[in-house]
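Whatever order the structure lists them in is the order used to number ligands and atoms, beginning at 1. Just so it is clear, the values below take in all heavy atoms, side chains as well, and ignore hydrogens, waters and symmetry mates. In what follows, residues are counted from 1 in the order of the sequence shown.
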Amino acid sequence: MTNVAFIGLGNMGSGMCANLVRAGHDVCAFDLRPEAIVAAVEAGAVAAETLRAAVERAEVVITMLPAGEHVLSVYFGAEGVVAHAPEGALFLDCSTISVEDARRAATQAEDAGFLMVDAPVSGGVTGAEAGTLTFMVGGSEAGFSRARPLLDIMGTNVFHAGGAGNGQVAKIANNMLLGISMIGTCEAFNLAERLGLDAQTFFDIASTASGQCWSMTSYCPAPGPVPTAPSNRGFEAGFAIAMMLKDLNLARAAAETAEADIPLGGHAGDIYSRLEADGFAGLDFSAVMRRIRGEI
Ligand code: NAD
C-alpha cells in the first residue's frame with residue numbers, strides 16, 4: 001500500500017484516482033475545484049485542503065493537469081510539491097505537456113533530490129475510468145520501476161520509452177500520426193463516395209488492403225462501418241478537436257526545436273486550428289469528415 005497524492009481530478013484524473021483507491025492505496029486528493037475533491041472523496045480518497053497538505057506524507061505524487069505551466073507551478077511554486085513532499089518521494093506526471101517542460105521539470109526535480117517520470121497516456125476518459133490506459137513513460141530505470149505498480153493499476157499497456165521527456169515524445173509523435181491519418185482517411189472515404197463507391201464497400205476493401213489504419217478500422221469517420229465510432233453519434237467526442245489541436249501544437253513546437261520537417265503534421269494542425277476557430281472545438285476530431293464533405 002502506497003501513500004499517493006493525486007493532484008488534478010478532472011476528466012482523466014478522477015477515474016485514475018478512483019482506480020488507485022479501489023486497489024487499496026491511500027490516496028490524498030487535491031484540485032483547485034472543490035467539487036472535484038468531493039467526487040474523489042465519494043470514490044474513497046481523502047480530501048486535502050491545500051496542495052501542501054496533499055503531498056506532505058506522499059510516497060508518490062501523481063499529477064494529471066491541463067498543461068506544462070500547471071505542472072511546473074504545482075511542482076516548483078512556493079507552496080508546491082518540491083517544497084513540501086517528503087524526501088525520496090517519486091513524482092509521476094501523467095499530463096500531456098511539452099517535451100521541453102517535461103525535461104526541465106525532471107532536471108529541476110532531480111536537482112532538488114527527487115525522481116520524476118513523465119507518463120502521458122492514451123485511451124481517453126473511458127480508458128481512465130476502466131483502468132485500461134496506455135502509459136508512455138520517460139525517466140530513469142529506478143523511477144520507472146517505482147511507478148510501474150501504480151501504472152499497472154491505471155492502465156493495461158505500460159511502455160518505458162527511455163529517458164526524461166521520452167514519454168511525451170512518444171505521445172506527440174503518435175498523436176501527430178493519428179491526426180494525419182484521420183484526415184487522410186476522411187479524404188479517401190469522401191473521394192470514394194463522390195466517385196460512386198459507398199462507404200461500407202470501400203471499408204470492406206480498404207480495411208484489408210494497404211490503406212488500412214486505426215483511424216479507419218477502429219474509428220471510421222464515415223458513419224456505418226464501425227458502429228462504436230463517433231461518426232455514428234453526431235461526432236460527439238470522444239477525443240475532441242481541441243485536444244487533438246493541443247497535441248499537434250506540441251508536436252509542431254517540438255519539431256521546430258529538433259529541426260524535424262513535419263509538413264503533414266503542420267498541415268493537420270492548420271486544419272484542426274481552423275475547425276477550432278470556427279467553433280467546433282468540442283466535436284470529436286473525426287468530425288474533420290464533415291469539413292471535407294463541405295458540411296461545416
Ligand atoms: P481537465 O481539465 O478535465 O482536468 C484538469 C484538472 O486539473 C481540473 O480539474 C483542474 O481544476 C485541475 N487543476 C488545474 N490547475 C491545478 C492546480 N494548480 N492545482 C490543482 N488542480 C489543478 O483535463 P483532462 O481532460 O483530465 O486532461 C488532463 C491531462 O490529460 C491533459 O494534459 C490532457 O492533455 C491529457 N489527456 C487528456 C485526454 C482526454 O481524453 N481528456 C486523453 C489523453 C490525455
Checklist entry - Just distances here: any N/O of Asp247 and N/O of ligand 1 closer than 3.5 Å? => result no
Next on the checklist: With side chain to side chain donor-acceptor pair (under 3.5 Å) as the criterion, how do Thr201 and Asp198 come out once you've worked through the C-alpha distance, each side chain's angles and the decisive distance to 0.1 Å?
Outcome noted: CA-CA 6 Å; Thr201 308; Asp198 68 89; 2.7 Å; yes
Checklist entry - In terms of residue, atom name and distance, what is the protein heavy atom nearest to atom 34 (O) of ligand 1? => result Lys246 NZ, 2.7 Å
Checklist entry - Considering distance alone, does some N or O of Thr96 sit under 3.5 Å from an N or O of ligand 1? => result yes
Checklist entry - What atoms in ligand 1 come closer than 4.0 Å to a heavy atom of Val74? => result 17 (C), 18 (N), 19 (N)
Checklist outcome for this item: heavy-atom search around atom 14 (C) of ligand 1 in the protein gives Pro66 CD, 3.7 Å
Checklist entry - Nearest protein heavy atom to atom 36 (N) of ligand 1, by residue and atom, and its distance? => result Met243 CE, 3.9 Å
Item to check | Proximal ligand 1 atoms for Ser95, defined as those under 4.0 Å from one of its heavy atoms | outcome: 32 (O)
Next on the checklist: Tell me whether atom 30 (O) of ligand 1 lies less than 4.0 Å from at least one protein heavy-atom position.
Outcome noted: yes
Next on the checklist: Using a 4.0 Å cut-off to any heavy atom of Lys171, which atoms of ligand 1 qualify?
Outcome noted: 43 (C), 44 (C)
Checklist entry - At their closest point, which heavy atom of Ala54 faces which heavy atom of Ile7, and how far apart are they? => result CB-CD1, 3.9 Å
Checklist entry - For ligand 1, which atoms sit closer than 4.0 Å to a heavy atom of Arg33? => result 8 (C), 9 (O), 11 (O)
Item to check | Ionic contact status for Arg252 with Asp270, cut-off 4.0 Å | outcome: yes
Item to check | Partner residues of Asp284 under the salt bridge (Lys or Arg N to Asp or Glu O under 4.0 Å) criterion, sequence neighbours left out | outcome: none
Checklist entry - If you measure from the Lys or Arg side-chain nitrogens to the Asp or Glu carboxylate oxygens, is any gap between Glu59 and Arg146 under 4.0 Å? => result no
Checklist entry - What's in the same ILVMFWY side-chain cluster as Val169, cut-off under 4.5 Å, chained through other members? => result Val99, Ile172, Leu250
Checklist outcome for this item: Ranked by distance from atom 13 (N) of ligand 1, the top protein heavy atom is Leu65 CD2, 3.6 Å
Next on the checklist: Please list, in number order, the atoms of ligand 1 under 4.0 Å from a heavy atom of Gly8.
Outcome noted: 7 (O)
Item to check | For ligand 1, the portion of Ala36 having any non-hydrogen atom under 4.0 Å away | outcome: neither
Checklist outcome for this item: Of all heavy-atom pairs linking Leu90 and Ala147, the shortest is CD2-N, 3.8 Å
Checklist entry - Can you find a side-chain donor-acceptor pair between Ser181 and Ser215 that sits under 3.5 Å? => result yes
Next on the checklist: Strictly below 4.0 Å, N to O, side chains only: are Glu56 and Arg52 in salt-bridge contact?
Outcome noted: yes
Item to check | Identity and separation of the nearest protein heavy atom to atom 3 (O) of ligand 1 | outcome: Asn11 N, 2.9 Å
Checklist entry - Any idea which of Leu32, Asp31, Ile7 brings a heavy atom closest to atom 15 (N) of ligand 1? => result Leu32
Item to check | SB check Arg148 Asp152 (cutoff 4.0 Å) | outcome: yes
Checklist entry - With no hydrogens and no angle check, do the side chains of Asn190 and Arg291 hold a donor and an acceptor under 3.5 Å apart? => result no
Item to check | Closest protein heavy atom to atom 4 (O) of ligand 1, given as residue, atom name and distance to 0.1 Å | outcome: Gly10 CA, 3.2 Å
Next on the checklist: Tell me whether the count of non-hydrogen atoms from other residues, nucleotides or ligands lying under 6.0 Å of CZ in Arg233 goes above 12.
Outcome noted: yes
Checklist entry - For ligand 1, which atoms, with element, lie under 4.0 Å from some heavy atom of His70? => result 15 (N)
Checklist entry - So which bit of Glu69 gets within less than 4.0 Å of ligand 1, heavy atoms only: side chain, backbone, both or neither? => result neither
Next on the checklist: Considering Gly80, Gly15, Gly124 one by one, which has a heavy atom nearer to atom 40 (O) of ligand 1 than any of the others?
Outcome noted: Gly124
Checklist entry - Considering only protein heavy atoms, which is closest to atom 27 (O) of ligand 1, and at what distance to one decimal place? => result Met12 CG, 3.8 Å
Next on the checklist: Measuring from atom 43 (C) of ligand 1, which candidate in Val121, Asn175, Thr126 has the nearest non-hydrogen atom?
Outcome noted: Val121
Next on the checklist: Test your reading of the model: is there a side-chain donor-acceptor pair from Arg290 to the backbone of Ile296, 3.5 Å cut-off?
Outcome noted: no
